[in-house]
Amino acid sequence: MDSVFAAIAQAPEDPILGVTVAYNKDSSPIKLNLGVGAYRTEEGKPLVLNVVRKAEQLLVNDLSRVKEYLPIIGLAEFNKLTAKLILGDDSPAIQESRVATAQCLSGTGSLRVGAEFLAKHYHQRTIYIPQPTWGNHLKVFTMAGLSVKTYRYYEPTTRGLHFQGLLEDLGAAPAGSIVLLHACAHNPTGVDPTVEQWEQIRQLIRSKGLLPFFDSAYQGFASGSLDADAQSVRMFVADGGECFIAQSYAKNMGLYGERVGALSIVCKAADVASRVESQLKLVIRPMYSNPPIHGASIAATILKNSDMYNEWKIELKAMADRIISMRKQLFDALRARGTPGDWSHIIKQIGMFTFTGLNSDQVAFMTKKYHIYMTSDGRISMAGLSSKTAPHLADAIHAAVTGAC
Amino acid sequence: MAIRRAMSGRLTARTEVLGVRSMSSWWRGMEPAPKDPILGVTEAFLADPNPEKVNVGVGAYRDDNGKPVVLECVREAERRIAGNLKMEYLPMGGSVKVVEETLKLAYGENSELIKDRRIAAVQALSGTGACRLFADFQKRFRPDSQIYIPVPTWANHHNIWRDAQVPQKTYHYYHPESRGLDFATMMDDIKNAPNGSFFLLHACAHNPTGVDPSEEQWREISHQFKVKGHFAFFDMAYQGFASGDPEKDAKSIRIFLEDGHYIGIAQSYAKNMGLYGQRVGCLSVLCEDEKQAVAVKSQLQQLARPMYSNPPLHGALIVSTILGDPDLKKLWLKEVKVMADRIIGMRTALQGNLEKLGSPLSWTHITNQIGMFCYSGLTPEQVDRLTSEFHIYMTRNGRISMAGVTTGNVEYLASAIHEVTKSA
């Protein structure tokens, strides 16, 4: 008997995870991994927040805790606090019970559940995603049954926002189209609209009747302030309109592997939100029945305890500050070397990533000669840099740019 | 602060112009979804103030005091894990250790297939997630195929393959008159299905009926599958939980493996390790050789990535801690046997009580059936009476979760069942 799957070909290696695979194979003592977007300390180590350790210990010591199934839409307490986190404590949408929230598996899971919901219930099947965007967005939306178009976002010549292009492309989208927006710290470019630009985007989206779908993976991690990083989302919700929001605690609480996140659907009315919530369950049940309990319990423990919440904010700000400081150090180091070109985008961009503007040849050169590992689109994870290694990176960039390759 | 004030001023003006608030909801026509039939039972139970109430609805284990249980081996594993905190992403395919140990349970501790690396396997989100990944995989790589599902089955099976957009057919399984297996008709359905059809099989402790084929019947099924070139996908959610012996509970799978089938398996630790809410399971697909297994695994990962990227860590750490430590593993096997034995004991007690009450009906199916559930044969009307008159909660298909039966409530349950059936 032959296997029915005999003809299956091997899938290509994931481009981002492939970087780490190559890094691990390299035996050089000066190698540097700037590929994957996970925070690293100044010592280059992964970090578990102290407040997370505390929360986990509380959970372990509480013998009354059981491991029963969560409800389909997850831990209720977690959902309430997570919606408040992005929308604000005093959000009218929450007070008016207009928000349907479901705990999902981190950002990915929240996006997928939202997209499947839209594919099932929404009259428009097209989602517009920025060019470029996180590599997994395309796969998530396609698998969910949506068709994907792009809108201009990054302008390579300025290494900033292609604002005209964005307005034109969204302006040309058919009414009702879904629009993916990175709430802050755009991945991979680090380029965010200004507050004024967000306002224009909001007006355009509302006037064209487009449906905004926010991906918020870095709240608090970008600027160091949870409220500031939620501004874009709150602007949209303040106008009374509807939107989708995918949130993740992977980076800002360091809960990566526990897969903690939520999908919120802000609706016009409470009874709508209630029906929407009931339909969300029908999307989730055939996917994984109910979400994992552990990570959400940790997050809820922290969010509901004001001392722990404040501790979290401090640790979060420290992570964001370290990254901002790395940006400054790299920028200064390039200036000190007289590296040709304008490198101000390094300090203008925000969040975990910098879109250096280096091309794939230059990247390959840096990997070969300097053992720097990064994705071939020129994206570097600032979280992987330290004061010790920034000079090495600056040397590599300098060599690549001054035509050594 | 200044920015916020300035913005809100501008916003008010703008929204009046744009009339966002006057637009109606995109979801205004949305129907409320029907309530989940199984979870709705527990909701109703919780809302009932009657002190005699009994919940034999949901399929989660309860001890003899009716309390949920966290296994000792799990508590110990958690103690060990708590100090050692790294929360990095697992690989897309999950914990290698978890997958290794989980395959041993299904395929055999010393399985040649494992040694030869012929099994493509990934950690999945419990049994549901494993089934869904397989359904998506089936859709992508065998787009012309359908899935044959037994009647009855766990209701969510239909939802899973439907959402994966794989067309469904059914095959006969339960025989209401005998409250056993409709083996002859089942074999007819297997023979009449087009060659190379995909079948969903419950490896042991069929949900919801508790009716399993005998070993002899499994051999016949396997043989007929070979004749027809059918693909067998096993959902094994209760290994160890059915007979108390994981090796025994895997017999159906081992028969198919002996016969050389290329099978798929969904495994879950929800019940047998009590890890319900941690969502730990495994999907495996047996391939011709290592090269193919590598290819298939890579494709399974491609399906996991746009669903949740990588599976949750905590449950995986518990499983690998327990199964990686011979003493903890032994403890686990003991605790599984305790759970299974308690359920088998309650089956005996329930049947015994009904017979003692002089019931005119036959209740031997209670002890013939196996696993967490008993398909009692009660009609929906009888079930409704049990609920309204006796505050006993179960799903309207007459499925009793034996895990909800205790020495404290078994007599009450028996007398209530007798009441509603004695004139049947």
Side-chain angles (χ1 to χ4, degrees), chain A residues 1 3-6 8-11 38 46 48 53 56-57 60 66-70 105-106 108-109 112 121-122 136 139-140 143 195 199 203 206-207 211 235 238-242 254-259 267-269 272 275-276 278-279 281-282 285-290 292-295, chain B residues 3 7-8 11 14-15 18 20-21 24-28 30-33 60 68 70 78-79 82 85-90 125-126 128-129 132 141-142 156 159-160 163 229 231 260 262 274-279 285 287-288 292 294-296 298-299 302 305-309 312-315:
Chain A
M1 263 186 327
S3 161
V4 297
F5 300 114
I8 285 181
Q10 176 136 3
V48 176
R53 282 185 202 275
E56 220 195 31
Q57 204 56 53
V60 166
V66 290
K67 302 197 178 318
E68 298 280 278
Y69 293 122
L70 283 179
L105 280 99
S106 210
T108 308
R112 175 63 177 269
H121 294 288
Y122 191 52
N136 204 22
K139 296 196 195 114
V140 169
M143 265 314 278
V195 169
E199 170 57 16
Q203 284 178 37
R206 292 312 194 195
S207 70
L211 175 60
M235 283 169 62
D239 70 16
E242 299 181 322
L255 293 177
Y256 303 95
E258 301 296 355
R259 319 311 293 127
C267 307
K268 282 257 154 195
V272 174
R275 283 180 274 134
V276 163
S278 74
Q279 291 287 351
K281 293 179 190 174
L282 298 193
R285 179 70 160 142
M287 215 187 274
Y288 52 83
S289 282
N290 41 72
I293 188 171
H294 189 72
Chain B
I3 294 175
M7 254 171 40
S8 64
L11 281 176
R14 294 277 188 247
T15 55
L18 293 174
V20 177
R21 288 184 203 280
S24 54
S25 167
W26 276 296
W27 321 110
R28 68 180 180 280
M30 177 164 286
E31 292 293 313
V70 177
E78 281 209 307
R79 279 190 284 268
L85 282 198
K86 244 170 59 164
M87 282 173 170
E88 299 285 277
Y89 295 122
L90 281 175
L125 296 166
S126 210
T128 309
R132 176 57 179 270
F141 294 102
R142 296 302 298 239
N156 205 26
N159 301 330
I160 290 168
D163 275 19
F231 183 95
Y262 297 102
L275 295 183
Y276 306 95
Q278 305 290 346
R279 321 309 293 128
V285 176
C287 303
E288 285 172 6
Q292 189 191 57
V294 168
V296 168
S298 74
Q299 295 294 352
Q302 288 292 310
R305 178 65 161 147
M307 205 188 288
Y308 49 85
S309 281
L313 176 63
H314 189 71

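All chains are named by letter (A, B, ...) in the order of the sequence lines, taking the proteins before the strands, and each is independently numbered beginning at 1. We use all heavy atoms of the structure for the numbers below, so side chains are in, but hydrogens, waters and symmetry mates are not.
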K.L.:
Against chain A, work out which of B/Gly277, B/Gly129, B/Gly274, B/Ala295 has the most heavy-atom pairs shorter than 4.5 Å and name it.
P.N.:
B/Gly277

K.L.:
Under a 4.5 Å heavy-atom cut-off, does chain B meet the side chain of A/Ala269, its backbone, both or neither?
P.N.:
neither

K.L.:
Keeping the roles fixed (side chain from A/Arg112, backbone from A/Val140), state whether a donor-acceptor pair exists under 3.5 Å.
P.N.:
no

K.L.:
At a 4.5 Å cut-off on heavy atoms, which part of A/Val272 comes close to chain B: side chain, backbone, both, or neither?
P.N.:
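Side chain only.
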
K.L.:
Sequence neighbours left out, what passes side-chain hydrogen bond (donor to acceptor under 3.5 Å, both in side chains) with B/Asp163? Give chain and number order.
P.N.:
none

K.L.:
For the side chain of A/Glu242 and the backbone of A/Cys267, is there at least one donor-acceptor N/O pair under 3.5 Å apart?
P.N.:
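No: the side chain of A/Glu242 does not pair with the backbone of A/Cys267.
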
K.L.:
Measuring from B/Ser298:OG to A/Gln10:CD, what's the distance to the nearest 0.5 Å?
P.N.:
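CD of A/Gln10 is found 4.5 Å from OG of B/Ser298.
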
K.L.:
If you count heavy-atom pairs under 4.5 Å with chain B, which of A/Leu282, A/Val276, A/Asn290 comes out on top?
P.N.:
A/Asn290

K.L.:
What option among A/Ala38, A/Ala11, A/Gly295, A/Ala9 has the most heavy-atom pairs under 4.5 Å with chain B?
P.N.:
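Of the candidates given, the most pairs with chain B belong to A/Ala11.
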
K.L.:
Please classify the contact between B/Ser309 and chain A as side chain, backbone, both or neither, with a heavy-atom cut-off of under 4.5 Å.
P.N.:
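Looking at B/Ser309, backbone and side chain both touch chain A.
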
K.L.:
Given heavy-atom pairs under 4.5 angstrom as the criterion, report whether the side chain, backbone, both or neither of A/Asn136 touches chain B.
P.N.:
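Only the side chain of A/Asn136 comes within 4.5 Å of chain B.
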
K.L.:
For A/Arg275, which atoms come within 4.5 Å of any heavy atom of chain B: side chain, backbone, both, or neither?
P.N.:
both

K.L.:
For A/Phe5, does its backbone N or O pair with a side-chain atom of A/Ser3 as donor and acceptor, under 3.5 Å?
P.N.:
yes

K.L.:
Between CD of B/Gln302 and CD of B/Gln299, what distance do you get to the nearest 0.5 Å?
P.N.:
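Taking CD in B/Gln302 and CD in B/Gln299, the distance rounds to 6.0 Å.
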
K.L.:
Under a 4.5 Å heavy-atom cutoff, which of A/Glu68, A/Met143, A/Lys281, A/His121 has the most pairs with chain B?
P.N.:
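Of the candidates given, the most pairs with chain B belong to A/Glu68.
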
K.L.:
Checking the side chain of B/Arg132 only, and the main-chain atoms of A/Tyr288 only, is there a donor and an acceptor separated by less than 3.5 Å?
P.N.:
no

K.L.:
Taking side chain as everything from C-beta outward and backbone as N, CA, C, O, which of these in B/Gln292 sits under 4.5 Å from a heavy atom of chain A? Side chain, backbone, both or neither.
P.N.:
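Only the side chain of B/Gln292 comes within 4.5 Å of chain A.
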
K.L.:
Just so I understand: if I count every heavy-atom pair under 4.5 Å between each of A/Ala6, A/Ser106, A/Gly109 and chain B, which residue has the most?
P.N.:
A/Ala6

K.L.:
Could you tell me which of B/Val70, B/Asn156, B/Leu125, B/Leu275 has the largest number of non-hydrogen atom pairs under 4.5 Å with chain A?
P.N.:
B/Asn156

K.L.:
Side chain, backbone, both or neither: which part of A/Val60 has a heavy atom under 4.5 Å from chain B?
P.N.:
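Only the side chain of A/Val60 comes within 4.5 Å of chain B.
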
K.L.:
Top residue by heavy-atom pair count (under 4.5 Å) with chain A, among B/Glu88, B/Arg79, B/Glu31?
P.N.:
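Most pairs with chain A among the choices: B/Glu88.
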
K.L.:
Indicate the atoms forming the closest heavy-atom contact of A/Glu258 with A/Pro292, along with that distance.
P.N.:
O-CG, 4.2 Å

K.L.:
Go through it in stages, so that I can follow the logic: the residues are A/Thr108 and A/Arg259, the test is side chain to side chain contact (heavy atoms under 4.5 Å, CB included), and I'd like the CA-CA distance, side-chain angles, deciding distance and then a yes or no.
P.N.:
CA-CA 9 Å; A/Thr108 308; A/Arg259 319 311 293 127; 4.0 Å; yes

K.L.:
Looking at A/Val4, A/Leu105, A/Ile8, which makes the most heavy-atom pairs under 4.5 Å with chain B?
P.N.:
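The option with the most such pairs is A/Ile8.
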
K.L.:
Which bit of A/Met287 comes within less than 4.5 Å of chain B, counting heavy atoms only: side chain, backbone, both or neither?
P.N.:
both

K.L.:
Answer with side chain, backbone, both or neither: which region of A/Gln57 has an atom nearer than 4.5 Å to a non-hydrogen atom of chain B?
P.N.:
side chain

K.L.:
Can you tell me how far CG of A/Leu255 sits from CD of A/Glu56, rounded to the nearest 0.5 angstrom?
P.N.:
9.0 Å

K.L.:
Rounded to the nearest 0.5 Å, what separation is found between the CD atom of B/Gln278 and the CD1 atom of A/Ile293?
P.N.:
6.5 Å

